[in-house]
Amino acid sequence: MIDPKFLRENPDAVRAGIAKKHIKCDLDAILALDEKRRALISEAESLRAKQKAANNDMAQLPKGSPEFIAKVQEMKAVSAEVKAADAELGAIEAEWNESMLNIPNLPDESVPEGRDESENVVVREHGEVPADADYQKAHYDIDWIEQILDLRRGAKVSGAGFPFFVGDGAKLARGLINFFLNEGSDAGFQEIGVPFLVNAESATATGQLPDKEGQMYQTVEDGLYAIPTAEVPLTNFFRDEIIDEADLPIYRCGHSACFRREAGSHGKEVRGLNRVHQFDKVELLKWVKPETSMDELESLREYAESLLVKLGLPFRTLLMCGGDMGFTNCKQYDLEVYAAGQKRWLEVSSCSNFGSFQARRAKIRYRNAETGKPEILHTLNGSGLAVPRVFVAIIENGLQEDGRIRLPDALVPYVGKQFIEKL
RNA sequence: GGAGAGAUGGCAGAGUGGUCGAAUGCGGUGGUCUUGAAAACCAUUGAGCCGAAAGGUUCCGGGGGUUCGAAUCCCUCUCUCUCCGCCA
């Protein structure tokens with residue numbers, strides 16, 4: 001949620017920010033609602049002040065006295081007015097609140113203009129894109145792929161997009177999770193095990209609701225949401241809390257399965273492991289002081305990049321343009337790894353600064369040591385990294401002329417071998 | 001799943017219809033004293049919203065109700081604890 005005061009005082013700046021993101025949003029209606037809301041608050045509060053004053057007087061009157069009885073009669077009318085005012089205010093406030101939740105975060109000045117992905121800016125390229133060769137194959141075209149990755153049976157058991165990892169494939173997937181978690185810990189991100197189901201409050205705080213309603217799986221009996229990313233439980237860890245300034249910044253990481261309905265996604269870009277309904281990911285989280293968040297975003301991006309460097313995978317980093325970035329962030333980098341078989345770039349990490357947007361929704365504050373007052377902090381997160389597409393890149397880039405798949409050296413201790421080959 | 005108990009400020013813990021945002025203790029902060037520290041003593045110490053400010057108002061797990069008035073009474077939900085059952 002953006003700062004309501006900022007909106008009130010700088011509606012044009014907000015309008016410009018929303019336009020940069022190419023999102024439609026009726027600000028005038030929200031501003032009118034806000035004005036009405038504030039007028040109603042004053043009205044309701046002065047009525048209540050009257051009631052309270054009368055209440056104090058009555059406390060001193062003898063219970064059955066004529067003055068007391070007269071006062072009760074008089075206050076009955078005020079009581080009715082207070083109830084009416086509260087009801088009206090409650091309705092307006094709910095409407096205003098819902099509208100506020102539908103205003104996206106505003107992009108930072110440094111975010112490039114642009115409508116869609118074609119206007120993202122490549123800010124870094126690393127590693128050699130492998131030269132074309134006859135033996136290169138998309139992972140789903142390798143004839144023995146079912147030995148390590150069984151999509152067919154996944155579809156039977158759960159549905160399309162729920163892969164089975166088998167044998168060395170399972171070891172590689174788990175090896176990646178362990179590699180990412182260990183690297184995260186070494187880099188100062190405290191490891192956290194997270195719940196995979198969350199309640200609506202949590203999903204709202206991080207911005208999945210109401211924006212992405214329908215993209216999450218939901219349980220029937222309890223109305224819980226299957227998390228689309230560990231970002232949700234990790235960020236909500238400190239919901240409604242005030243953190244000591246001395247404890248900032250806080251760095252954490254956590255692995256989870258991520259569940260995404262991907263309603264509306266079809267076509268060849270979703271083949272194989274490219275886009276699935278359930279996948280593993282290690283997520284990185286930062287809680288920081290506002291003035292440091294842009295620097296923290298750069299170091300977060302550099303850390304995520306360092307994982308791909310260690311895995312020896314060619315990648316590029318994109319600074320997302322206004323129109324292609326998420327609803328909740330003010331600046332976002334995407335890391336894309338090159339998959340030699342499909343000859344295309346696959347997004348394996350998204351590193352975002354949310355500014356105060358999530359923290360305001362989640363009421364995560366820190367106590368300013370100088371003023372002693374609570375202030376909204378800033379949150380950031382980034383994938384470090386998503387497993388399946390890294391898995392794809394390792395398979396496709398590691399596939400050799402002899403048909404064996406050479407694993408990155410960094411993973412050999414995790415998988416226990418250098419090559420995966422047809423049995 | 002069944003039975004019972006409970007949920008109050010950073011923590012502990014009073015308050016069971018009316019000047020209660022809430023006693024008291026601990027903790028925190030500032031001060032006095034001291035060469036310094038400790039102890040003792042004094043003061044201070046929750047959050048949100050509206051307001052330029054003065055000030056006002058809300059919040060005693062969440063929601064609803066009764067009442068002129070609710071931390072206090074009623075309903076409901078959630079969570080915690082104890083016991084029983086079941087179970088990875």
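No experiment lies behind these values; they were computed from the predicted model shown. Letters A, B, ... mirror the listed sequences (proteins, then strands); counts begin at 1.
- Taking the ring axis of Tyr333(A) as reference, the NZ or CZ atom of Arg301(A) stays within 45° of it and closer than 6.0 Å to the ring centre.
- Counting to the nearest Å, the P atom of U78(B) and the CG atom of Asp240(A) are 19 Å from each other.
- In this structure, the nucleotide among U19(B), C49(B), G51(B) sitting nearest to the side chain of Gln60(A) is U19(B).
- Atom CG in Leu224(A) sits about 12 Å away from atom C1' in U78(B), given to the nearest Å.
- Across the C1' atoms, G46(B) and C11(B) are found 13 Å apart, a figure rounded to whole Å.
- Counting heavy atoms from C-beta outward, Gln332(A) and Cys351(A) have side chains that stay 4.5 Å or more apart.
- Ile242(A) has its CD1 atom 19 Å from the P atom of C59(B), to the nearest Å.
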Would Phe259(A) and Tyr225(A) satisfy ring-ring contact (aromatic ring centres under 6.0 Å, His included), going step by step from the backbone distance to the final call? CA-CA 9 Å; Phe259(A) 302 91; Tyr225(A) 294 89; over 10 Å; no
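- Comparing G4(B) with A14(B), their P atoms sit 23 Å apart, to the nearest whole Å.
- Rounded to whole Å, atom C1' of G17(B) lies 16 Å from atom NZ of Lys52(A).
- A salt bridge links Glu296(A) with Lys286(A): at least one charged nitrogen is closer than 4.0 Å to a carboxylate oxygen.
- At C68(B), none of the side-chain N or O atoms of Arg48(A) fall inside 4.0 Å of OP1 or OP2 (strictly under the cut-off).
- Of the two residues near RNA chain B, Ala49(A) and Ala59(A), the one whose nearest nucleotide lies more 5' is Ala59(A).
- Nucleotide G51(B) is matched to nothing when pairs are restricted to Watson-Crick or G-U wobble geometry with both distances under 3.5 angstrom.
- Remark: C59(B) base-pairs with G46(B). Criterion, Watson-Crick or G-U wobble with two distances under 3.5 Å.
- Residue Ala54(A) is the one, among Ala54(A) and Gly372(A), whose nearest nucleotide of RNA chain B lies closer to the 5' end (criterion: closest heavy atom).
- Remark: G18(B) base-pairs with C68(B); criterion is Watson-Crick or G-U wobble with both hydrogen-bond distances under 3.5 Å.
- Distances shorter than 4.0 Å separate none of the side-chain N or O atoms of Arg367(A) from OP1 or OP2 on G28(B).
- Each of C49(B), G69(B), U57(B) was ranked by its minimum atom distance to the side chain of Asn55(A); first place goes to G69(B).
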Candidate pair Phe189(A) and Tyr303(A), rule ring-ring contact (aromatic ring centres under 6.0 Å, His included), full reasoning: CA-CA 11 Å; Phe189(A) 292 86; Tyr303(A) 168 75; 5.4 Å; yes
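- A salt bridge links Lys310(A) with Glu183(A); the closest basic N to acidic carboxylate O contact falls under 4.0 Å.
- Atom C1' of nucleotide G64(B) and atom NZ of Lys83(A) are separated by 12 Å, given to the nearest angstrom.
- Nucleotides G9(B) and U67(B) are separated by 27 Å at their C1' atoms, to the nearest Å.
- Nucleotides G18(B) and G28(B) place their P atoms 36 Å apart, quoted to the nearest Å.
- Of the candidates G46(B), G51(B), G56(B), the closest approach to any side-chain atom of Glu45(A) belongs to G56(B).
- The separation of C84(B) from C73(B), taken at their C1' atoms, amounts to 32 Å, rounded to a whole angstrom.
- The side chain of Asn56(A) approaches U19(B) more closely than any other nucleotide in the set G48(B), C68(B), U19(B).
- Pairing of C79(B), defined by two Watson-Crick or G-U wobble distances under 3.5 Å, is identified with G6(B).
- Annotation: cation-pi geometry not satisfied between Arg174(A) and Tyr414(A) (NZ/CZ under 6.0 angstrom from ring centroid, within 45° of ring axis).
- Within 4.0 Å (heavy atoms only), Gln73(A) reaches no atom of the nucleic acid at all.
- Remark: C1' of C50(B) and CG of Leu33(A) are 16 Å apart, rounded to the nearest angstrom.
- Using atom P as the reference point in both U32(B) and G36(B), the two lie 11 Å apart (nearest Å).
- Salt bridge status for Asp168(A) with Lys171(A): absent, with no side-chain N to carboxylate O gap under 4.0 Å.
- Base-pair partner of G25(B): C11(B) (Watson-Crick or G-U wobble, both distances under 3.5 Å).
- Proximity of Arg365(A) to the phosphate of A47(B): no side-chain N or O atom is located under 4.0 Å from OP1 or OP2.
- Spacing between atom CD of Glu375(A) and atom C1' of G46(B) amounts to 17 Å, rounded to whole angstrom units.
- Rounded to whole Å, atom C1' of G18(B) lies 6 Å from atom NZ of Lys63(A).
- A close approach under 4.0 Å does occur between a side-chain nitrogen or oxygen of Arg38(A) and OP1 or OP2 of G51(B).
- Look at the P atom in both C50(B) and A43(B): the space between them is 35 Å, to the nearest Å.
- Distances shorter than 4.0 Å separate none of the side-chain N or O atoms of Ser46(A) from OP1 or OP2 on G56(B).
- The pairing partner recorded for C41(B) is G31(B), the criterion being a Watson-Crick or G-U wobble arrangement whose two distances lie under 3.5 angstrom.
- The residue Lys76(A) sits close only to the backbone: its heavy atoms come under 4.0 Å of sugar-phosphate atoms, none of a base.
- For the P atom pair drawn from U34(B) and G25(B), the interatomic distance equals 27 Å after rounding to whole Å.
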